[in-house]
Structure formats: C-alpha cells, structure tokens
2 protein chains.
Amino acid sequence: MANISDIAKLAGVSVSTVSRVLNHNPYVSEAKRIAVQRVIDELDYTPNRLAVDLIRQKTRTIGVIMPYNNNQAFDQLLHGVLNRSVEHGYSVMVLPTRYDPAQELSCLAMLKNKQLDGIMITSRSNDWDAIIPYTKYGTIVVCEYTDHPDLGCAYIDRYASFVDAFQLLRTRGHERVAFTTARGIESNSTQLIIRAYHHVFGDLPPAYHVTDCYSMDDGERAARLLLDSDLKPTAVYANGDEVAAGVYRYASGLGLRVPEDLAIIGQENQPVGIGLQLSTVDHQLIQVGEQAFDLLIGESKDKVEIPYRIITRQSI
Amino acid sequence: MANISDIAKLAGVSVSTVSRVLNHNPYVSEAKRIAVQRVIDELDYTPNRLAVDLIRQKTRTIGVIMPYNNNQAFDQLLHGVLNRSVEHGYSVMVLPTRYDPAQELSCLAMLKNKQLDGIMITSRSNDWDAIIPYTKYGTIVVCEYTDHPDLGCAYIDRYASFVDAFQLLRTRGHERVAFTTARGIESNSTQLIIRAYHHVFGDLPPAYHVTDCYSMDDGERAARLLLDSDLKPTAVYANGDEVAAGVYRYASGLGLRVPEDLAIIGQENQPVGIGLQLSTVDHQLIQVGEQAFDLLIGESKDKVEIPYRIITRQSI
DNA sequence: CTGAAAGCGCTAACAC
DNA sequence: GTGTTAGCGCTTTCAG
C-alpha cells in the first residue's frame, strides 16, 4: 500500500503538502492541490488511521461496556449509542464483560492504552474505587446515578420507578408482592428495588425475592418457586418483559388467570410484553444510550435524568 | 503518560530491552527483566496500542457490518461473534449501515485504512462487485452463500428452509399462503423466498407478498393488507417472530382463531414467538455468527453451512 | 543477552 | 504557499 511519501514523490511535492490537501488545509495552491489529488485518486490512496490517530492522540472511537448483548435492555442502550455515533462519525466497540470484574477492568484499560477516547458503562461489577482511576485516561460515562464529580451519567430514577410500580400494585389491592432481579445485592439495582419494597410494603419475606433472572426460562423458574410456596404472592414485578413472560407462561400452565389470580408487571417494553399484553415499566433505554453518548463525546460530567413511564396493559 | 523510553531510561536499559520484557521475549537476563518490570509497575505503564498496531500492521479488531442493531436476527449474529471474540482476545466494532450502500462502503474502507483486520458482513446492500475489491485489504466473511473464491461464508440454506416451511404449510392443507419480507427484490433473501414459493405453490399473487416488515407494527399492517383483501390467505410466513406476532395480534383482534382460521409461522425463535406459541424457522444465527468469526480470524475462504430447524408450536 | 538505529505512516511547528 | 524536520510510541533487524 502506498503511503503519504509515495504520494508526495509522485506528485512532486513534500509530504506536508499532501497532508495539507488530505486535511483540507486552505494554504495549498490550487495547482498542487489538483496534482496531489490526481495521484491520490490514481493510487486509490487512503491515509492509515492508526498513524493519524497515534499522532493526533484521538481515535474517534468509544467503547460500550455491557455485561451481555442479545439482551433487550443492553441492546436498547447500544441502539441509542449507535444512533448518535453514526451521526457524529464515531466508531463504537462493544465490550462484553459477563459481569466479570477482571474483564471489565481490561476493557477500561483500553482507555489507558489509547485505543478509545471514552467508555460508556451500561452496568458494572467493579466498585467506583476501581473505576475512577481510569477517568485520568479518558471520559467515562455511566448509566446509573452517581454524584461522583469525574463521571457523567445518563440515568433513570430507578428507585422512583420501583416505588411507583409497587404503589400501583398496592393501589390495586396487592399486599403480597414478589419481584425478580438479575443479580443479588452486589447490584445497585437490586439494592434499590429492595429499598423501594421496604418503603411501600415494609418487611420483605426472603421468598419474595428471586435472583438470577435474565430469560423467559428464568421467569418460569421464578414463578415455580413463588407459586408453589405457601405464601403465594398475588403480584410479581419482573426485571424485564421476557422474565415476566416466563412468569405468565408458568401461571397460565397452572390454570391461573392474569391478572385476577396473579398480576404481572415487567420492564423495558419489549415485544414479548406487547404480544402478551403485559404491563411494563419502560425505562426508555434508547434515550439513555443517546444521552450517554452525547455526554461522552462532549466530555461532560453532567448528570442527566431520563424519564421513565409505566405502560398499563392487561396484566395488572 | 510515560512511554517506552521513559521506562528504559529509569530502568537503565535500552528501549529494546523494555520491548522484550513487554513481549515476553526470553532473551532478557532475569536481573534486567525484574528491574524493568519494577519501573513498569511503579509508573503503571501500559504500551500504546496504536503504536503497537501501527508497527505490527495488525489490530486484532474486527468489524461487523449490520443494517440495524436492536433487531433479534442481527443481535443474534453479533452475539455469536462476541462469544468467540472474547475467547480469542479480539475486539469488535459494530458498524450499522441502515442498508445505505455508501455507508456500507465507508465501513469497508476501515479495512483499507488499517483500522480493522477483517470485516463480517451480516447483510449487504452493495453488489459483490463493489465489495470484492476490499478483500485486498483484509479478510471479509459474509453470512450468506456465495461461491466467490475470495470470500468466506457461514450461511444457512435459506432456499431450502423456505421450501421446507412452505411444504409444511401445504401438507397441512394450505394453498393460499402469503409471506412478508424486510426488503424488496434488491434483497437476496427476498429473491430466494419468491423462488421457493414458485417451487411449492406456483404463481405468486402479488398481494401475497408484503415488504418492509421489520417490527410487530409492520406485522399488523401486513395482516391488515392481507386479511382485508378478497383473496384472504389461510397461512402467513413472517420474516421474524416479531412480525409474526403482529400478524397474530391483528388476526386475534378480528376474532380469527390461530391456526384454524389463519396459520402463522415466524422466524428466528424469538421470545415473543415462544410467548405466543408461534411456530418458527430457527436459522440458528448465533452459530452462524460464531462460525463467521472463526472463518474471519482464520482468514479462511471456506463455505460453511449451518443447519436450520423448524420448531412447531401451536400456530400452524 | 543487549543496544543503536531504522522504520511504521502520519501531523505540525518552523523556517523560508 | 511550501518544504524540512522532529516527533507520536513502538518493534525489529543487525552488530556486538
């Protein structure tokens, strides 16, 4: 492949002149500009991005740390990011971590080794203390609320959304309400839903909290656990519409009616929820992703709240 | 940030020695190795990846061209890629094109400017003629069958899968069968399903082919078009379970029973299809993604077929 | 085993 | 306007 000095030689100019025409620098005579362009076209030359990025100390590439892809919530966030990145001419790397703290750290290291200008953390498994040091090497934006001055964030008030959903359930006469979460108390989100539960219902019977729920199968498992116990809940808040769909399936299989025998509410307004007419708490994650991207390339440390909305269908 | 020569200076060695310990070259005395490592640790030094990649002429990064993300089919493919990339220490860039040929070409250009070692094309909007020239700059693998010698491919025999599904419908007594597609005849996949239709049913009434179907809403629109006509089909093959779910919803709204009044079969075994008990043609796209990745980093031009399977549930 | 030196391909300050 | 040159931060011959 030809490089810039080949072009310079063939066009009879110096590399700086070639660089100038490449970068649309106005201080080039029309004659040379044309001559250079001709050689560039003839040789079908393209500047080497690695060399450009190396010297510019910028890559116009960002990374998105996400535990999993092929999961509606994270894919919505990613979708938001991609919407914006295309408009702004940025590239995006997907950095899956499976919630492995070491893997997460090695992704953050891409900031340090200059591969990435910034990183968006959709969900984390490291403490802030482990993450903050990397802000020295590039912008980091997270998708949960934090008041840390070095971190921008685009977040939903999850606590409020949980309280809202629980109160809605309570208004409809439910006192025995169970919920599912993805992770245990190591997760911020889990802590918030537990606090919200206490706020609305008081004590949480341990059996009313089922963890490790990601898929429809997990939802069925949760429903089995919940509905086979003697303290059967009358309503379930599921962390995702797929999980909610699993609960729905299991309950239907038992001959239970929804919502009369069991109310169900899910999350993220996914297709399966629309299909089964499940109510849902829509956290509008596409917007969160878009906003996070904007903060990232603006190198902003702002804290931006995105509104959520509860969509009521037939399941509560 | 410190660089390699800072380390060399502080450790009292040359940059080559530092480079050697960085790359685990055995020809370094234990004493110097330790001295260098001490300085590296003290300064928390990390080599600059851009510089490394520039000189090595390799990035260990691949790109995945996909029209959309947040679409089950493409997200499954991406999921397969990510599964493997993590294992092999590769990074992956997501390159959304929205089926814009120019955008697609500019993604391929990342091969030429050395940002990427290889590119996987999950779906394309350019002709082969426009794509092939880029194989000169890196490996390209596609997710559809092609006999082009410069292209590896991991593919499903879509024609066979369409014929299978149509024949299954015919076996069940359906003669008036409609289908939906994402794009028009500019798409390879659309051409195949039309050919399969001809093979199984003969002439295709134009009204039986509805295009531009991606979402549940599109499915409802398709169903409206199909069921309000005088030549009402008795079965619909939908290009995705979300579209199938839309058809299901519209039909249910009309009071039609599935499958008695209308049979429905979808694609890709998505959650919404499981929830609604829709039959589906599962193309096993995660496997396709994994296989495509393996071909990519193996710089292989093999043609690998991935089997599909038809999952029969209650909707046909 | 070790180091000097020649790049990888480009940008930008500086002089003319 | 234009060319020279000094890097960006690293790997890898090539001598020794």
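Each chain gets a letter, A, B and so on, in the order the sequences are listed, and its residues count up from 1.
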Write down the distance between [atom1] ([X]) and [atom2] ([N]), rounded to a whole number of angstrom.
X       : N      : atom1 : atom2 : answer
A:Asn25 : D:dG3  : CG    : P     : 13 Å
B:Tyr27 : D:dT11 : OH    : P     : 18 Å
B:His24 : C:dC1  : NE2   : P     : 16 Å
B:Asp6  : D:dC10 : CG    : C1'   : 13 Å
A:Lys58 : D:dC8  : NZ    : P     : 18 Å

Exercise for the section: Using five base pairs at each end, measure the axis-to-axis angle across the helix from C:dC1-D:dG16 to C:dC16-D:dG1 and round it to 10 degrees. Expected result: 40°

Exercise for the section: Just call it for B:Lys114: base, sugar-phosphate, or nothing, with non-hydrogen atoms closer than 4.0 Å on any strand. Expected result: nothing

Handout entry: Sidechain-backbone polar pair: B:Glu104 side chain, B:Asn126 backbone, donor-acceptor under 3.5 Å
Key = yes

Exercise for the section: Check whether any side-chain N or O of B:Lys114 sits under 3.5 Å from a backbone N or O of A:Pro47 as a donor-acceptor pair, and report yes or no. Expected result: no

Quick one: does [X]'s side chain get under 4.5 Å of [Y]'s, heavy atoms only?
X        : Y        : result
B:Thr46  : A:Tyr137 : no
B:Ile62  : B:Thr139 : no
A:Pro307 : A:Gln284 : yes

Practice task
Kindly compute the distance separating CG (A:Leu77) from CG (A:Asn71), expressed to the nearest 0.5 Å.
Solution key: 9.0 Å

Exercise for the section: Measure from the side-chain heavy atoms of B:Val13 and tell me the nearest of D:dG3, C:dG3, C:dC1. Expected result: C:dG3

Fill in the blank from the handout: Between B:Val81 and B:Val92, the two heavy atoms sitting closest are CG1-CG1, 4.3 Å

Name the pairs: protein N/O against N/O of nucleotides 9-12 of chain C, kept only if under 3.5 Å.
| residue | atom | partner | partner atom | Å |
| --- | --- | --- | --- | --- |
| C:dC10 | OP1 | A:Tyr45 | OH | 2.4 |
| C:dC10 | OP1 | A:Asn48 | N | 2.8 |
| C:dC10 | OP2 | A:Ile4 | N | 2.4 |
| C:dC10 | OP2 | A:Tyr45 | OH | 3.3 |
| C:dT11 | OP1 | A:Asn23 | ND2 | 3.2 |
| C:dT11 | OP2 | A:Ser19 | OG | 2.8 |

Handout entry: side chain to side chain donor-acceptor pair (under 3.5 Å) between B:Ser187 and B:Ser189, worked out
Key = CA-CA 5 Å; B:Ser187 146; B:Ser189 180; 4.6 Å; no

Handout entry: Any B:Thr17 side-chain nitrogen or oxygen under 4.0 Å from OP1 or OP2 of C:dG3
Key = yes

Exercise for the section: Take atom CD1 of A:Ile185 as the centre, draw a 6.0 Å sphere, and report whether it contains more than 12 heavy atoms from other residues, nucleotides or ligands. Expected result: no

